[in-house]
Amino acid sequence: MAKKLGKKARKFAKKGLQTVQKQKRKQRTFFKKKSAPRGRGLNGDAPDENDENLNRDQNISQDQNFSGAHLVDKTIGSLLGEEDEVELEDDFSDSDDYLPEDTECPYISENENENISRDDIARGTFQEENAEIKMQISKEKKKLDKLLAKDEEFAKFLESRRSQLEQYDRMVSDDEEGGGDEEEEEQEEQEEQTRQPVTQTTLDVWCWCVTEDPNSPALRNLLNLYHDASLYGVITSRNEKSAQIVSHEVYSRVINFVLSEADGIFRTLLGVPENSNAERIIMKLKSSKEWLNVGPLVKSYLKSSIKLLNQVTDTMLLAFLLFRLMSSVVFLHAYSSLGRRLIKILVRFWSTGEDQLSTSAFLLIKEVASQLSSDYFNICMKAMYRTFVARCKFVDDSNLKRIDFMKSSFLEITSLDVPQSYPVAVSSLQRLGDVVKHSSTTKKKEELMKINNWQYINCLNLWVKFICLNYKENNLQQLFDKAVRVIFGVTSLFTGPRFLPLKLKCAQMLNDLSLTSGHFIPVSSLVLECLDLTGEFTGKMDGDEEPRLKLSTLLKVPGNLLKSRRYQEECVRSSVEVLCAHFSQWSYHVSFPELSTIPLIVLKRCHEKATVESVRRLIKRFIDQAEQNRDFIQMKRDGVSFSPIDQTSIDNFLLLEKSNAKSSFTQFYASMLQNSQIRNMVQ
């Protein structure tokens with residue numbers, strides 16, 4: 001006959017078994033995906049191909065309201081797949097998995113004269129109960145002896161049934177042995193119900209014991225108390241069985257002590273130095289005798305800390321918790337499910353938390369991605385990219401700083417391992433290019449909306465920055481070519497003055513790629529197209545009555561601002577800044593006179609057409625500086641004797657002047673950048 005499972009075994013089987021957890025995840029995924037009864041079409045019949053097409057068309061038409069940002073969600077986000085999302089969900093039961101405690105560890109009450117351990121209390125209670133039972137048995141035996149002496153027939157009957165009684169005694173003995181688990185359960189339940197609240201004095205004694213001897217039994221009590229703090233916080237009601245923390249002082253003390261000292265204690269017990277090959281040491285320790293004793297303590301600490309991240313709302317405490325977990329990243333080698341759960345929480349803090357919390361979360365993500373295995377790097381990178389795609393759908397003054405922070409931090413993570421990041425970058429740009437190719441073929445409005453939105457432009461700009469950051473140290477030529485083709489494809493799809501902000505952003509990305517790679521990209525043609533479009537402005541509105549404009553938060557200008565003078569000024573100024581950046585890159589090159597010829601002709605024509613005085617002054621100043629630099633290069637070029645096919649001599653042309661960077665045009669570009677930064681701060 002099989003024995004009955006104990007209480008802890010039943011609880012583990014219900015909540016903790018991997019098969020149960022996997023089945024729950026499958027059910028969650030099924031219900032998320034399920035949108036209609038299986039096997040039914042639009043009219044309740046079996047679905048046919050026409051119904052499926054009609055459903056798809058209806059879904060597309062519903063997604064076209066106000067913006068095309070969400071249309072590109074699946075296109076860009078599908079790169080990472082749905083499996084990676086499920087990968088972050090793993091077995092993480094919230095069951096009360098307390099560590100076994102030593103009964104000799106003292107609980108000190110608030111009365112200083114009372115210092116009794118739990119073992120002493122239990123021993124005294126059992127002795128009193130045993131004495132009462134023995135007295136009762138003695139009384140009943142005396143009564144039975146008197147009855148047997150008076151009634152001989154009853155004595156004979158009892159003798160004849162003695163064999164049956166002996167058999168019954170054996171059955172009772174077997175049942176008692178089989179019911180040992182139930183008695184143990186009752187004892188555990190009674191133990192849980194009699195758990196005492198921890199006072200400040202008790203906690204001080206435990207902390208002192210652990211400080212003096214890291215192997216002290218009080219360490220388990222502290223970790224169990226920390227577990228209570230992460231789950232329940234401060235509980236003032238005694239109806240709760242886990243109400244060990246009944247004051248805010250105890251709560252603060254246990255969290256501060258465990259977070260400050262736990263990592264050092266674990267390293268001391270395991271012999272793990274601060275600077276070492278963490279992965280090799282932990283993998284070796286997992287098969288050692290020390291790990292059998294210390295491993296459960298480490299897991300309890302990490303698990304409770306991750307739970308605490310979900311419970312606490314105070315920013316300072318969260319930042320301190322993340323800072324302390326940074327030193328314990330090495331132990332996540334042994335618990336991959338805890339590591340994935342931690343990454344999921346950290347990415348949420350990174351994308352939505354306040355400045356200090358976001359920075360702390362990013363630093364811990366970086367530590368995990370750099371110190372642990374390549375699997376963790378992939379999980380971190382893909383989770384951050386997926387979150388960035390979801391958070392960059394809209395850009396305004398309130399979230400512009402956040403999006404820039406997310407870009408820079410994501411690029412810092414990807415730069416830790418460029419070979420591993422490269423396939424994701426190639427696939428992302430390939431999908432962005434597929435959207436452009438399909439849009440240029442169909443020319444449908446909904447397809448163009450997939451490109452003319454912040455989500456698409458931010459993702460494109462993200463990978464452009466990735467190329468610029470890692471081009472010189474890595475072979476990214478294929479990625480560079482793909483990015484240039486995608487950007488030119490985007491600019492060819494949109495015409496008219498309303499899309500000038502989008503075109504200027506594309507021109508700036510091309511400038512960045514050209515500056516990083518040293519390859520010439522014809523940016524001037526794109527900028528001159530923007531300048532030609534400014535001739536369509538009339539500047540009818542009074543500048544003092546116009547609303548403030550910030551092109552950095554616009555892709556398409558509203559119709560009511562299209563003919564405003566302020567918009568004309570911003571477009572011309574931004575176009576001149578982009579063209580000036582392009583000229584500045586090639587201002588010392590031998591081909592600058594040819595490069596500047598056509599742009600100067602167009603600029604002079606724009607100067608003649610401009611009606612706003614501030615615009616005329618800006619264009620005139622730029623023309624003068626460009627012509628002065630052109631004449632300087634022409635004079636220097638007339639004095640050389642190398643041929644146009646001598647690439648080495650061309651590269652060394654005016655090398656000394658370029659290193660000094662003291663030309664008039666260089667200083668003009670620096671002043672323009674400074675004015676642009678000041679203007680953006682004022683806006």
For Pro593 against Arg630, the heavy-atom pair lying closest together: CA-CG, 3.8 Å

Closest contact, heavy atoms only, Pro419 versus Pro423: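 Shortest heavy-atom contact: O-CD, 3.1 Å.
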
Salt bridge (Lys or Arg N to Asp or Glu O under 4.0 Å) involving Arg573 - partner list, sequence neighbours excluded: Glu570

Residue pairs involving [range] (criterion salt bridge (charged side-chain N to carboxylate O under 4.0 Å, His left out); sequence neighbours excluded):
range: residues 353-368; value: Lys366-Glu412
range: residues 576-588; value: Glu577-Arg679
range: residues 508-522; value: none

Checking the side chain of [X] only, and the main-chain atoms of [Y] only, is there a donor and an acceptor separated by less than 3.5 Å?
X: Ser415; Y: Leu411; answer: yes
X: Ser676; Y: Met672; answer: no
X: Arg498; Y: Val557; answer: yes
X: Asn474; Y: Leu476; answer: no
X: Asn399; Y: Arg402; answer: no
X: Asp263; Y: Arg324; answer: no

Asn461 and its side-chain hydrogen bond (donor to acceptor under 3.5 Å, both in side chains) partner, picked from Lys505, Lys407, Gln508: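 With Asn461 as partner, side-chain hydrogen bond (donor to acceptor under 3.5 Å, both in side chains) holds for just one option, Lys407.
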
Under 3.5 Å, is there a donor on one side chain and an acceptor on the other for [X] and [Y]?
X: Tyr588; Y: Thr666; value: yes
X: Asn629; Y: Gln625; value: no
X: Arg348; Y: Asn310; value: yes
X: Ser327; Y: Arg267; value: no

Residue list, side-chain hydrogen bond (donor to acceptor under 3.5 Å, both in side chains) with Glu594, at least two apart or on another chain: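 Scan of Glu594 (side-chain hydrogen bond (donor to acceptor under 3.5 Å, both in side chains), adjacent residues dropped) gives Arg637.
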
Which residues share a side-chain hydrogen bond (donor to acceptor under 3.5 Å, both in side chains) with Arg617, sequence neighbours left out: none

For Phe410, the option from Trp463, Phe466, Trp350 that meets ring pair (Phe, Tyr, Trp, His ring centres under 6.0 Å): Trp463

Criterion ring pair (Phe, Tyr, Trp, His ring centres under 6.0 Å) against Phe583, the qualifying member of Phe668, Phe592, Tyr669: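 It is Phe592; the other options fail the test.
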
What pairs of donor and acceptor atoms, side-chain ones from residues 314-322 against any protein atom, are under 3.5 angstrom apart with sequence neighbours left out?
{"unit_1": "Asp314", "atom_1": "OD2", "unit_2": "Met316", "atom_2": "N", "d": "3.3"}
{"unit_1": "Asp314", "atom_1": "OD2", "unit_2": "Leu317", "atom_2": "N", "d": "2.9"}

Euclidean distance, Gln585 CD relative to Leu595 CG, rounded to 0.5 Å: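 So the gap between those two atoms works out to 9.5 Å.
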
Could you work out, with ring-ring contact (aromatic ring centres under 6.0 Å, His included) as the rule, every residue matching [X], not counting sequence neighbours?
X: Phe488; answer: none
X: Phe653; answer: none
X: Phe480; answer: Tyr471, His519
X: Phe377; answer: none

Residue list, side chain to side chain contact (heavy atoms under 4.5 Å, CB included) with Asp646, at least two apart or on another chain: Phe642, Ser643, Thr648, Ser649

Qualifying residue, where the test is salt bridge (Lys or Arg N to Asp or Glu O under 4.0 Å) with Glu447 and the options are Lys450, Lys443, Lys445: Lys450

Salt-bridge criterion met for Arg566 and Glu569 (N-O under 4.0 Å): no

